[in-house]
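Every number for a ligand or one of its atoms is a count from 1 in the order of the listing. Please read all numbers here as calculations on a predicted model, not as lab measurements.
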Amino acid sequence: MMTQIRSRLGIKIFLSYIIVIVVGVLVLAVSTEFAIPGAFDRHLGDMQDMMMRNSSMMGMMGNLEEGIFSNFRAAVNEALLFATIAAVAAALVVSVFVSRRVVAPVRELMSASQHIASGHYEDRVNVPESGSFDELDELGQLALSFNRMAENLEQTETMRRQLIGDVTHELSTPLTTIKGSMEGLMDGVLPANQDTFQQVFREADRLQRLVDDLQELSRVEARAYELDLRPIRLGLLVNDVISHLQTQFQEKKVKLGANIHPDLPSVLVDEDRITQVLTNLIGNALQYTPEGGKVEVSAMSSGDDVHISIADTGIGIAAEDLPHLFTRFYRVEKSRSRAGGGSGIGLTIARHLVEAHGGRIWVESPGPGKGSTFTFAMPVQH
Ligand code: ADP
C-alpha cells in the first residue's frame, strides 16, 4: 500500500487535496461545535427576555424566529470563516510542499537537459534513493530514464570521438608512406622503378581496403541493410566456402579440413551474410596460421542452436586480448597485422552480422602459440 502511494505521483497529489479538505472539514466541525452552544445560549436569553416582558407571545413569534435564525446564521458564518482560513492555510502549506516535490525535480531536469544540449554529456540529475525503478514515482522514473539517456549519449559521443581518432590514425599511416615515396621520387632519392611503384600501389590498395571496410562497418553498425532470410543447410554453405578458399590454403601449405555433422537442421539465415562471416573467420585462420598448420571447420547441433567452429593451430591469442577481439580496430599485434593488411574491423563486422541473425559469436584460445577457435551459434527456428 505504502509503496503504491510512494510510486504514484497522481495518488500523492490526490492525497494532498484530501488533506486540505480534511483540515477544512475538521475546522468547520470544531468551530461549529463551539459556535452552536453560543448561538443556543443567545437564543435562550432572548426567550427569557420575552417571557419576562410578558408581552403578547403570538405577536413576538415572528421576531423571535428571526432572531434565532440570524444568531444561527452568524454562528455558521463564523464557523465557515474559521474553516476557510484554516483550509487556505493548509492548502498553502501542502501546496508549497507538493510544488517543491514536483517543481524542483522538473526544474532540475530542464536545466540538465539544457546543459546536455550544449554538449555537457556528463550531467546527471538526482534520483531519489530507492530500491528499484518500480518503487519510484513517475518523476523519479523520469529522472532515472533521463540519466540513462544521458549515459547513452555520453557513450555514443565517446565512441564517435574514438572512431574519428582511430580512422584518422588508420588513414594517416598509408598516406604518410605514399607521401614519403612520392617525395623520394621527386627528389630523386628513390629510384623510379617497379619496386617503388609497387610500394606506392600496395599502400594505396591498403587505403582502398580500409575505406571499403569502414563503409561496410558503418552500414552494419547502422543496420542499413536488409537480411534476406531463407532456410539454409549450413553444412552445404560451409562446404561451398571451403572449396572456394582451398587454393589459398594450398598456396600457404596450410591444411583445411571440415567436420560437418550429417543431420544438421536447416537454419533461417541470409546466405550472403553468413558466407561473409565464414570467409572472414576462415580467412583470419589462414592469415594467423603459419605454414604446415591446420584449420578445421566443424558444424554441429547444440541444443536449439547450430554451432559453426573454425579451429586453427596458429599463433593463438593471449587471455587478456580475448575480450577485445570483436571491438573495432582492435589488433593483437598492431604492426604485424597492419603489415598483413588487417585493420581490425573484420571481426566487428562478423559479430554484427551474427547478432543481426539472433546468434552469438565468441573466441577461445589456450594462449599464444597454441591456436584459437572462433565459434558462432545460429538459432534454429521451430
Ligand atoms: P584484421 O583485419 O586485423 O584481421 P579482424 O577484426 O578480423 O581484423 O581481427 C582482429 C584481430 O584479431 C587481428 O588483428 C588479430 O590480432 C586477431 N585474430 C583474428 N583471428 C585470429 C586467429 N585466427 N588467430 C589469432 N589471432 C587472430
Side-chain angles (χ1 to χ4, degrees), residues 159 162-163 165-167 169-174 202-203 205-221 238 241-242 245 248-249 252-259 273-299 307-356 359-376:
M159 274 166 65
Q162 204 178 334
L163 177 67
D166 288 340
V167 170
H169 179 75
E170 295 297 325
L171 292 177
S172 74
T173 317
R202 266 200 307 274
E203 293 301 330
D205 189 46
R206 187 170 302 169
L207 267 180
Q208 174 76 63
R209 262 182 291 153
L210 180 61
V211 170
D212 290 348
D213 277 356
L214 280 171
Q215 252 174 354
E216 177 71 359
L217 178 69
S218 78
R219 255 161 40 89
V220 295
E221 279 193 336
V238 171
V241 176
I242 287 180
L245 293 173
Q248 291 179 38
F249 274 76
K252 199 181 167 185
K253 299 195 172 60
V254 174
K255 266 199 207 146
L256 177 59
N259 175 17
R273 296 297 176 180
I274 295 305
T275 303
Q276 192 180 347
V277 173
L278 277 168
T279 312
N280 178 267
L281 295 178
I282 302 176
N284 273 355
L286 174 65
Q287 188 178 350
Y288 298 107
T289 303
E291 199 181 311
K294 190 170 184 263
V295 173
E296 180 160 275
V297 185
S298 38
H307 283 196
I308 313 276
S309 293
I310 296 95
D312 63 55
T313 57
I315 61 168
I317 300 154
E320 66 263 26
D321 291 314
L322 288 175
H324 308 292
L325 282 202
F326 298 96
T327 310
R328 59 164 116 90
F329 300 117
Y330 193 86
R331 285 182 302 247
V332 171
E333 211 180 295
K334 318 282 181 232
S335 52
R336 182 196 63 205
S337 186
R338 186 177 287 146
S343 53
I345 293 178
L347 286 178
T348 315
I349 294 176
R351 189 196 61 179
H352 275 289
L353 293 178
V354 168
E355 287 176 357
R360 292 172 294 128
I361 185 167
W362 65 95
V363 56
E364 292 153 300
S365 171
K370 295 182 182 147
S372 28
T373 306
F374 285 80
T375 308
F376 66 95

Q: Restricting to non-hydrogen atoms, name the atom on Glu320 and the atom on His324 that form the minimum distance, rounded to 0.1 Å.
A: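 For Glu320 versus His324, the nearest heavy atoms are O-CD2, 3.2 Å.
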Q: Determine yes or no for a side-chain-to-main-chain donor-acceptor pair under 3.5 angstrom, with Asp312 supplying the side chain and Ser372 the backbone.
A: yes
Q: Using a plain distance cutoff, I'd like to know if Gly346 has any nitrogen or oxygen under 3.5 Å from a nitrogen or oxygen of ligand 1.
A: yes
Q: In ligand 1, which numbered atoms sit nearer than 4.0 Å to a non-hydrogen atom of Phe374?
A: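 Those qualifying, in numeric order: 19 (C), 20 (N), 21 (C), 22 (C), 23 (N).
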Q: Which is it for Phe326 and ligand 1 at heavy atoms under 4.0 Å: side chain, backbone, both or neither?
A: neither
Q: Return a yes/no value for Leu325: is any of its N or O atoms, backbone included, closer than 3.5 angstrom to an N or O of ligand 1?
A: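 There is no such contact.
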Q: Check the pair Arg273, Glu216 against salt bridge (charged side-chain N to carboxylate O under 4.0 Å, His left out), reporting the backbone distance first and the verdict last.
A: CA-CA 12 Å; Arg273 296 297 176 180; Glu216 177 71 359; 3.1 Å; yes
Q: Less than 3.5 Å between some nitrogen or oxygen of Leu347 and one of ligand 1, yes or no?
A: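 By distance alone, the answer is yes.
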Q: With atoms numbered from 1 as shown, which atoms in ligand 1 lie under 4.0 angstrom from a non-hydrogen atom of Tyr330?
A: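 In order of number, 10 (C), 11 (C).
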Q: So is Ser372 close enough to ligand 1, meaning a heavy atom under 4.0 angstrom away?
A: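 Flag set, Ser372 near ligand 1.
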Q: Name the one of Phe374, Phe376, Trp362 that satisfies ring-ring contact (aromatic ring centres under 6.0 Å, His included) with His307?
A: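 That would be Trp362; it is the only one of Phe374, Phe376, Trp362 passing the ring-ring contact (aromatic ring centres under 6.0 Å, His included) with His307.
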Q: Going by the atom numbers of ligand 1, which of them fall below 4.0 Å from some non-hydrogen atom of Ile317?
A: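 Within the 4.0 Å cut-off of Ile317, ligand 1 contributes 25 (C), 26 (N).
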Q: Side chain, backbone, both or neither: which part of Ile345 has a heavy atom under 4.0 Å from ligand 1?
A: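 Ile345 to ligand 1: backbone contact only, side chain stays beyond 4.0 Å.
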Q: Heavy atom under 4.0 Å from ligand 1: found in Val332's side chain, backbone, both, or neither?
A: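 Under 4.0 Å from ligand 1, Val332 contributes backbone and side-chain atoms.
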Q: Closer than 3.5 angstrom, by distance alone: can the side chain of Thr313 be matched with the main-chain N or O of Gly293 as a donor-acceptor pair?
A: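 Checking the backbone N and O of Gly293 against the side chain of Thr313, no donor-acceptor pair under 3.5 Å is found.
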Q: Closest heavy-atom contact between Lys252 and Glu291?
A: O-CG, 3.3 Å
Q: Does Ser365 reach the main-chain N or O of Gly371 with its side chain, forming a donor-acceptor pair under 3.5 Å?
A: yes
Q: Side chain or backbone, does Asn284 bring an N or O within less than 3.5 Å of an N or O on ligand 1?
A: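 Yes, Asn284 has an N/O under 3.5 Å of an N/O on ligand 1.
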Q: Can a side-chain donor-acceptor contact be found between Asp212 and Gln208 if the only test is distance below 3.5 angstrom?
A: yes
